[in-house]
Protein chains: 2
Amino acid sequence: MIVMRHHVPRAGLTRDRVAGEAAVMADEVGLGRLTLAGLAERLGVRQPSLYKHIDSVASLRRDISVQAKRELGDVLARASVGRSGADAITAMSHAYRDWARRHPARYEASMLMPSPGDVEDETVSATAIQVITDVLTAYRLEGDDAVDAIRAFRSTLHGFVVFEAAGAFAMSADVDRSFERLVRGFIVALGQWNETVPPAR
Amino acid sequence: MIVMRHHVPRAGLTRDRVAGEAAVMADEVGLGRLTLAGLAERLGVRQPSLYKHIDSVASLRRDISVQAKRELGDVLARASVGRSGADAITAMSHAYRDWARRHPARYEASMLMPSPGDVEDETVSATAIQVITDVLTAYRLEGDDAVDAIRAFRSTLHGFVVFEAAGAFAMSADVDRSFERLVRGFIVALGQWNETVPPAR
DNA sequence: GTTTAAAGCTATTGACAATAGCCAAAATGG
DNA sequence: CCATTTTGGCTATTGTCAATAGCTTTAAAC
């Protein structure tokens, strides 16, 4: 029996819309529980149809990652604009944590490394990191000193955010206060950054 | 055709041996790429046979996690024994990073939270964290001050280790040196820890 | 030595990503 | 405004995985 289907409108998907809805779904259910079947249902489409817009699940995650890096970079830039020094670091740190809490899967995706040769991903990653670099250069750090400080700053924020998202801070103490002290502690360390240089061996 | 099988000896698996080999495999291929088919082949057994020793892949990961927490806790305890203050923190930090680098999947598993009610996992998790707590109490921190410091210390180490494992420190600067400065920076912050208390609001 | 429990096996199911190949809907271009 | 092409859907199917059912043999227990 031949079924005639008249005027079934298209869903009107694009690669960006698919990645966008995937990010929303991932933030709800977790990046690891994102499935094409579930995503297709949300988009009102069958699962194989998604392959008109993505190459694979890995490429979808990559698209989420690129979008997320752009968003996070923008958030950090907006938080630090017009501020400098400790003030900028504090504002940026809080913006970082808040965004990560609001978008756990996006945050997770934003920490994925670009594949070698993926110029778009490499560019957006570098741009986001540049925002952090710019804030720290107010401390007049140069060369390896700056690199070490940036690595320390990123490590500090990332570690806290991951533990918080995992629910690893179960003790009764106020987590907001712990974060505030973490940031202040980092600023203290930055103020003495040249005293942390290990002796040449 | 009936096949007669005489004297096929058993593989002699136990839950611990399965988890142990799973940990080895995971460190080689990545925790996310651990499959029962691959694990069974390594153990000289068919995939469904593993279910005589595990309940599910989730439970296998939990078993890896418990083993890993025990190992990491022991490593940290051994690194800090006989030392105190900044010396203990430095030694423990390096032991932490070295172990994580040697056992990336085990490390990842060790950061999984215990399921509520899983007494064994909760116990071994608490024991590992206690090692860190003990080292920091040499700084005479009490109550929330100590909790904040422990959270900061764990965040700092974890963030660095995760970024290093992900290959996120691609810049030319020496990663060992960056780690050394991170640890020294944390110690500097600890020395001024009460100056990081946020003003009451 | 007989019974029983444990540990292996084959066969099968169901979720998922992924591919092939078809058809309708938009877009393009005289 | 009709003809052609391109695009975005679709069904059907495959392969990989975790997981279950049910059988058989090994090894322990009595």
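Not measured: the values here are computed from a predicted model. All chains are named by letter (A, B, ...) in the order of the sequence lines, taking the proteins before the strands, and each is independently numbered beginning at 1. Any value given below was found using the heavy atoms of this structure, including those in side chains, with hydrogens, waters and symmetry copies removed.
- Picking from C:dA18, D:dA18, C:dT10 the nucleotide with the shortest atom distance to the side chain of A:Gln47 gives C:dA18.
- For the pair B:Pro48 and A:Leu13, both in contact range of DNA chain D, the more 5′-proximal nearest nucleotide belongs to A:Leu13.
- Put simply, CD1 on A:Ile54 is 12 Å from P on D:dG9, counting in whole angstrom units.
- Between B:Tyr51 atom OH and C:dC9 atom C1' there is a gap of 15 Å when expressed in whole angstrom units.
- Regarding B:Arg61, its CZ atom lies at a distance of 17 Å from the C1' atom of D:dA19, rounded to whole Å.
- Taking atom CG of B:Leu50 as the reference point, atom P of C:dA7 lies 13 Å away to the nearest angstrom.
- Annotation: of the two residues near DNA chain C, B:Lys52 and A:Lys52, the 5′-most nearest-nucleotide partner is B:Lys52.
- In this structure a side-chain-to-backbone donor-acceptor pair under 3.5 Å is missing from A:Gln192 to B:Gly185.
- Among the nucleotides D:dG9, C:dC9, D:dA19, the one closest to any side-chain atom of A:Val45 is D:dG9.
- For the pair B:Ser49 and C:dA7, the criterion of a side-chain N or O lying under 4.0 Å from OP1 or OP2 is not met.
- Residue A:Thr35 is classed as a sugar-phosphate contact, given heavy-atom separations below 4.0 Å to backbone atoms only.
- The aromatic rings of A:Tyr107 and A:Trp99 lie perpendicular to each other, with more than 60° between the two planes, well past the 30° mark.
- Per the geometry, CG belonging to A:Leu36 stands 17 Å off P belonging to D:dC17, to the nearest Å.
- Straight-line distance from the CZ atom of A:Arg46 to the C1' atom of C:dC16: 16 Å, rounded to whole Å.
- With ring centers used as reference points, A:Phe179 lies under 6.0 Å from A:His94.
- Between the C1' atom of D:dA18 and the CG atom of B:Leu60 lies a distance of 12 Å, rounded to the nearest Å.
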For A:Arg83 and A:Val135: C-alpha separation, side-chain torsions, deciding distance, then whether side-chain contact (heavy atoms from CB on, under 4.5 Å) applies. CA-CA 9 Å; A:Arg83 301 173 196 263; A:Val135 165; over 6 Å; no

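- Rounded to an integer number of Å, the gap from A:Leu43 CG to D:dC10 P is 11 Å.
- A salt bridge links A:Arg70 to A:Glu120: at least one charged side-chain nitrogen sits closer than 4.0 Å to a carboxylate oxygen.
- When the side-chain nitrogen and oxygen atoms of A:His53 are compared with OP1 and OP2 of D:dT7, none of them lie within a distance under 4.0 Å.
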